[in-house]
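Hydrogens, waters and symmetry mates play no part in the numbers below; they use all other heavy atoms, side chains included. Order of listing sets the numbers, starting from 1, for every ligand and every atom in it.
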Amino acid sequence: MSNTQLSFEALPKHIAVIMDGNGRWAEAQGKPRVFGHKNGVAAVRKTISSAAKLGIEAVTLFAFSSENWRRPEEEVGVLMELFITVLSTEINKLHKNNLSLRVIGDKTRFSERLQKKIAQAEDKTAANTGMVVNIAANYGGQWDITQAMKKIASEVEEGKLEAAHVNDELIASHLSMSDIPDVDLLIRTGGECRISNFMLWQIAYAELYFTPIYWPEFNEDSLIEAVTWFVNRERRFGCTGNQIKALMENQ
Ligand code: IPE
Ligand code: IPE
Ligand code: MG
């Protein structure tokens, strides 16, 4: 294997991450759960920059699920504030690096202020040609399929579409991220082995990678480990973490 050249072709095009374990990470240190959320931001930054260095096309990060509204009001409040702050502080850096930011999910439930911040951030980076960073916020895989079905049903109702023409391609084209390749690698931190209503349709053929480490501890090495696992699993390439690192440096 030593003289076999590992190419970018072997890497996942779209990586999705369920960023879990913030609360347990904080509690393990006797701190409030929100301390974990605040420290999770550094892991978000590291993941985005490492994935960009690897030349990944798209990264989708699960930040807040449709079900997370059920958490204590105070925790939800902190998460929303954090979201607003991070959007403001990070957007210039993303823009400078030619990355485009998109928020997927039902945005209508967010405050006016947050919706405005999101729209500004999306507009500012819309024309960028580098990696796409999708933040899934108030997102649910079931919500995504439902909203696609509603659009299709209205097209049928309006006579623009025949029910007989509904097929999987058409459904896919109405889902979030229809212009981005399906997920190749799904990572979940925090040790749970479930999807928690994250993307459903788009992970049909994804490799699923579960790691026990808590999200605030996730870093460039953790991403390299996951990508190495993916390459070896998917392509049976027998590559090493160092080969992945070398690709990063050659970018
Ligand atoms: C993930 O961490 C972050 C969000 C869901 C916003 P958790 O808050 O779920 O942390 P654990 O799983 O309770 O440790
Ligand atoms: C999934 O984590 C959602 C996010 C990471 C945003 P949760 O902690 O909310 O999921 P469950 O409750 O373990 O299924
Ligand atoms: Mg959790």
Side-chain angles (χ1 to χ4, degrees), residues 14-48 51 58-87 89-90 101-111 114-115 117-118 121 132-147 175-177 183 185-203 206-219 222-223 226:
H14 185 175
I15 301 178
V17 189
I18 302 176
M19 310 184 287
D20 195 27
N22 292 351
R24 279 165 289 160
W25 179 82
E27 278 158 8
Q29 303 168 67
K31 299 267 171 55
R33 294 175 54 81
V34 294
F35 179 72
H37 298 319
K38 288 177 185 155
N39 279 275
V41 177
V44 170
R45 250 183 238 124
K46 288 175 197 163
T47 304
I48 293 173
V59 164
T60 303
L61 305 171
F62 202 12
F64 194 85
S65 77
S66 318
E67 290 73 32
N68 286 149
W69 297 104
R70 297 184 197 139
R71 293 190 177 200
E73 210 179 302
E74 198 212 315
E75 186 175 338
V76 172
V78 170
L79 283 167
M80 293 300 144
E81 277 308 311
L82 200 58
F83 197 13
I84 293 178
T85 315
V86 172
L87 274 179
T89 57
E90 302 299 310
L101 181 102
R102 302 186 194 172
V103 175
I104 58 160
D106 181 2
K107 294 174 236 185
T108 59
R109 194 159 164 194
F110 294 137
S111 68
L114 181 49
Q115 288 190 44
K117 280 263 169 226
I118 293 173
V132 178
V133 178
N134 299 295
I135 303 294
N138 194 20
Y139 180 87
Q142 292 172 343
W143 165 82
D144 201 358
I145 295 171
T146 304
Q147 65 80 26
L175 291 168
S176 304
M177 302 177 291
V183 177
L185 169 63
L186 172 72
I187 298 172
R188 181 172 186 145
T189 61
E192 308 295 347
C193 299
R194 55 176 173 264
I195 304 298
S196 296
N197 195 21
F198 193 25
M199 279 178 271
L200 296 172
W201 184 284
Q202 301 92 332
I203 62 161
E207 295 282 350
L208 311 179
Y209 180 85
F210 299 100
T211 168
I213 75 164
Y214 293 141
W215 178 249
E217 281 168 0
F218 196 85
N219 59 22
S222 328
L223 186 77

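Using bins of under 30°, 30° to 60° and over 60° for the plane-to-plane angle, the ring pair Phe218/Trp215 lands in the parallel bin. Using cut-offs of 30° and 60° on the angle between ring planes, the pair Trp25 and Phe35 is parallel. Between Phe110 and Phe83, the ring planes lie perpendicular to each other; the angle is over 60°, past the 30° to 60° tilted range.
The protein heavy atom nearest to atom 10 (O) of ligand 1 is Gly23 N, 2.9 Å. When hydrogens are left out, the protein atom nearest atom 8 (O) of ligand 2 is Asp20 OD1, 3.1 Å; that is the closest non-hydrogen contact.
Checked against the Mg ion (ligand 3), the N, O or S atom of Asp20 at the shortest distance is OD1.
Interface atoms of ligand 2 facing Met19, defined by a heavy-atom separation under 4.0 Å, are 5 (C). Taking every heavy atom of Asn68 and a limit of under 4.0 angstrom, the matching atoms of ligand 2 come to 3 (C), 6 (C), 9 (O). Set against the non-hydrogen atoms of Ser196, the atoms of ligand 2 under 4.0 Å away are 1 (C), 10 (O), 11 (P), 14 (O). Remark: ligand 2 atoms within the under-4.0 Å shell around heavy atoms of Ile18 are 1 (C), 5 (C).
With Arg70, Glu67, Arg71, Arg194 as candidates, the residue nearest to atom 13 (O) of ligand 2 on a non-hydrogen basis is Arg194.
With a heavy-atom cut-off of 4.0 Å, Arg24 does not touch ligand 2 at all. Contacts with ligand 1 closer than 4.0 Å are made by backbone heavy atoms (N, CA, C, O) of Ala63 only, the side chain lying farther away. If you look at Arg33 next to ligand 1, the close heavy atoms, those under 4.0 Å, all belong to the side chain. Proximity of Phe198 to ligand 2, defined as any heavy-atom pair under 4.0 Å, is not found for any part of the residue.
Counting heavy-atom neighbours within 6.0 Å of Gln29 CD, excluding the residue itself, gives a total above 12. Counting non-hydrogen atoms of other residues, nucleotides and ligands closer than 6.0 Å to CD of Glu74 gives a total of 12 or fewer.
Gln147 places a side-chain N or O within donor-acceptor distance of the main-chain N or O of Asp144, the cut-off being under 3.5 Å. Checked by atom type and distance alone, the side chain of Ser65 never pairs as donor or acceptor with a backbone atom of Tyr139 at under 3.5 Å. Using modelled atom types, one side-chain atom of Arg188 and one backbone atom of Arg194 make a donor-acceptor pair closer than 3.5 Å.
Once rounded to the nearest 0.5 Å, the distance linking CD1 of Ile187 with CG of Asp20 reads 13.5 Å. Atom-to-atom distance recorded for Ile84:CD1 and Leu87:CG is 8.0 Å, nearest 0.5 angstrom.
Between Phe64 and ligand 1, not a single N/O pair is under 3.5 Å apart. Annotation: Trp25 places no N or O atom under 3.5 Å from an N or O atom of ligand 1; distance criterion only. Residue Arg188 places at least one N or O, backbone or side chain, under 3.5 Å from an N or O of ligand 2.
Nearest heavy atom pair, residue Ala226 against residue Leu185, reads O-CD2, 4.0 Å.
For a distance bound of 2.8 Å, the N, O or S atoms of Glu192 include none lying that close to the Mg ion (ligand 3).
For Gly190, the closest heavy-atom approach to ligand 1 does not fall below 4.0 Å. Between His37 and ligand 1 there is a heavy-atom distance shorter than 4.0 Å.
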